[in-house]
Amino acid sequence: LEGALAEVSVAMIQESHGGGAEWALFAPRITERFHVFPSVCSDVRRGGVAVLLAKSFLPSREEASVIVFEEGRAIGVELRK
């Protein structure tokens with residue numbers, strides 16, 4: 001995944017099966033470079049999605065908020081920049 005993200009500022013991941021803590025634990029080099037906005041189902045085995053925004057694109061995480069359309073399946077990220 002890291003190689004695929006080398007040249008991008010925005011990425012959308014499906015079947016992520018984890019929230020922010022899991023991203024920090026299992027993909028620390030990604031969370032160093034990206035703000036991760038995840039949405040997981042109440043049963044993480046069912047899937048999950050995440051939007052990744054490069055910190056060079058969006059320096060402060062507080063400049064964005066997540067809109068959940070369907071938990072663990074469809075989300076948006078609204079930028080307040």
Side-chain angles (χ1 to χ4, degrees):
L1 182 58
E2 289 177 45
L5 296 174
E7 301 295 323
V8 301
S9 297
V10 178
M12 290 160 238
I13 309 295
Q14 62 185 21
E15 298 299 328
S16 60
H17 298 275
E22 288 82 8
W23 276 93
L25 179 63
F26 296 114
R29 288 193 301 229
I30 291 174
T31 57
E32 285 174 8
R33 186 169 166 246
F34 290 91
H35 295 294
V36 179
F37 298 90
S39 176
V40 294
C41 298
S42 53
D43 178 357
V44 295
R45 296 174 295 170
R46 289 188 49 224
V49 294
V51 174
L52 309 180
L53 296 177
K55 292 178 180 178
S56 61
F57 174 76
L58 184 74
S60 173
R61 183 181 178 86
E62 285 72 38
E63 295 176 4
S65 59
V66 175
I67 303 165
V68 178
F69 300 109
E70 185 176 341
E71 182 183 74
R73 297 288 178 214
I75 64 172
V77 176
E78 180 179 56
L79 303 180
R80 295 184 296 265
K81 198 169 182 180

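Both backbone and side-chain heavy atoms feed into the values below; hydrogens, waters and symmetry mates do not. Along the sequence shown, the residues carry numbers beginning at 1.
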S.K.: Does any part of the side chain of V49, heavy atoms only, come nearer than 4.5 Å to the side chain of F69, both counted from C-beta?
M.R.: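 No; the side chains remain at least 4.5 Å from each other.
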
S.K.: Check for me, please, whether M12 and V66 land in the same ILVMFWY cluster - side-chain distances under 4.5 Å, paths through other members count.
M.R.: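 M12 and V66: one cluster.
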
S.K.: Got R61 and F37 here, is their nearest side-chain heavy-atom distance under 4.5 Å?
M.R.: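 Yes - at least one pair of side-chain heavy atoms lies under 4.5 Å apart.
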
S.K.: Quick check: is L25 connected to I30 through a chain of hydrophobic side chains (ILVMFWY, heavy atoms under 4.5 Å apart)?
M.R.: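 No, I30 does not connect to L25 through the hydrophobic network.
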
S.K.: May I ask whether I67 and V10 are part of the same hydrophobic cluster, defined by side-chain heavy atoms of I, L, V, M, F, W, Y residues being less than 4.5 angstrom apart, directly or through others?
M.R.: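 Different clusters: I67 never reaches V10 through Ile, Leu, Val, Met, Phe, Trp or Tyr contacts under 4.5 Å.
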
S.K.: Are any non-hydrogen side-chain atoms of R33 and K55 less than 4.5 angstrom apart?
M.R.: no

S.K.: Between OG of S9 and CG of L52, what distance do you get to the nearest 0.5 Å?
M.R.: 11.5 Å

S.K.: Got a salt bridge between E15 and R73, using NZ or NE/NH1/NH2 to carboxylate O under 4.0 Å?
M.R.: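 Here E15 pairs with R73 in a salt bridge, since their nearest N and O are under 4.0 Å apart.
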
S.K.: Return the minimal non-hydrogen interatomic distance between S39 and G72, and the atom names on each side.
M.R.: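 For S39 versus G72, the nearest heavy atoms are OG-N, 2.9 Å.
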
S.K.: Nearest 0.5 Å, please: how far is CG in L58 from CD in E63?
M.R.: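 Going from the CD atom of E63 to the CG atom of L58 covers 5.0 Å.
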
S.K.: Please confirm whether the backbone N or O of S42 pairs with a side-chain atom of E71, one donor and one acceptor, at under 3.5 Å?
M.R.: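 Checked: pair present.
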
S.K.: State the CD1-CH2 distance between I13 and W23, to the nearest 0.5 angstrom.
M.R.: 5.0 Å

